[in-house]
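Starting off with a structure, shown below.
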Amino acid sequence: MTQIYKVDSWKEFLQLVESEELRGWAFRGQRDSSWVLESSLTRRLKQFVPQEIWKEREGRAVRVFKRKAHHFLNDTSSLNDDFRCLALMQHHGAPTRLLDFTKSPYVASYFALQSCTTPAAVYAVNTPALWHEATPPGFPELTREAIDPRNKDALQKYYFSNDYPVVWPGEPWTMDRRIVAQAGTFMLPGQVGTSVETLLSNYIYDKPLLVKIILCPEIRKEAMEALYRMNITNATLFPDLDGLARSISYELEVSWVGSSGPLK
């Protein structure tokens, strides 16, 4: 069951995410609070591909990427590790079953609020419980360690098979610059087509595994100014020229006035 909070001020949001209740959790911001926690792969397959061939098409997509990506990489070692390959695909915009999360509620709030005009949402997943206690229905043996996609053949067995109602939180052993810059992590669902909310709601655990914080759009101005002062911008979250270019959108809004007039 998802626990839902609605916050009407930036101060209220900070008090909630800095509380003991959410300590150590992972967060994801979405600019529309009505959106469910679905991967880009799930959305794409639902739109354009018959369900009976989803498994085959996902496998083909990974194979095609592996066969062609080496032309653009100086280091091709990530193509020999399916989990690292998925993270690389995600990084460059390919639909994958990974959902981007962050260990920082502030980074998550930035992604939620930067372009919102209606209520946005920050989701929080109880990763400490998924690490140590909670297990999927009917599979008490499928602990986080047992289904770790970094283990040999685990990604094929527990994820690409699309048979297991699991969610694994974590990241590859080797992380790229964006993951580091965003304090990033992933949620890896075992079933494409089933939202993370649904998967977690069926887990065996006596406390909430998922919290949804609805952010009223009226807090955006104050929040974005606070996040800017924290140096949380597209330029820092995406440490490359693309990130710098994206950051210019907020520079259109912001104005810092000093003693000698607006700062350029």
So, Thr198 versus Ser201: side-chain donor-acceptor pair below 3.5 Å or not? no
Do we get Arg150 above Trp173's six-membered ring, with its NZ or CZ under 6.0 Å from the centre and within 45° of the axis? yes
Salt bridge present between Arg220 and Glu253 (N-O < 4.0 angstrom): yes
Looking only at the aromatic ring of each residue, does the gap between the centers of Phe101 and Trp25 stay below 6.0 angstrom? no
Is the terminal nitrogen or CZ of Arg246 (NZ for Lys, CZ for Arg) located under 6.0 angstrom from the six-membered ring centre of Phe238 and within 45° of that ring's axis? yes
Will you find, in the side chains of Gln114 and Asn234, an N or O donor that is under 3.5 Å from an N or O acceptor? yes
List the steps and the verdict of side-chain contact (heavy atoms from CB on, under 4.5 Å) for Phe186 and Asp100. CA-CA 5 Å; Phe186 297 110; Asp100 291 303; 3.0 Å; yes
So does Asp8 get a backbone contact from the side chain of Glu12, meaning a donor-acceptor N/O pair under 3.5 Å? yes
Check whether the side chains of Thr96 and Gln90 place a donor and an acceptor atom closer than 3.5 Å, and report yes or no. yes
Looking at Asp176 and Arg178, is there a salt bridge between them, counting it only when a charged N and a carboxylate O are closer than 4.0 Å? no
Once you round to the nearest 0.5 Å, how far does CG of Leu209 lie from CG of Leu130? 5.5 Å
Would you check if the side chain of Arg28 reaches a backbone N or O of Thr102 as a donor-acceptor pair within less than 3.5 Å? no
How about Asp82 and Tyr159: does a side-chain donor come under 3.5 Å of a side-chain acceptor? no
With no hydrogens and no angle check, is any side-chain donor or acceptor of Arg97 less than 3.5 Å from a backbone partner on Leu41? no
Under a 3.5 Å cutoff, is there a donor and acceptor pairing between the side chains of Glu225 and Tyr250? no
Measuring from atom CD of Gln3 to atom NZ of Lys207, what distance do you get when rounded to the nearest 0.5 angstrom? 11.5 Å
Does the ring centre of Phe27 sit less than 6.0 Å away from the ring centre of Tyr123? no
Side-chain donor-acceptor pair under 3.5 Å between Glu38 and Ser195, yes or no? no
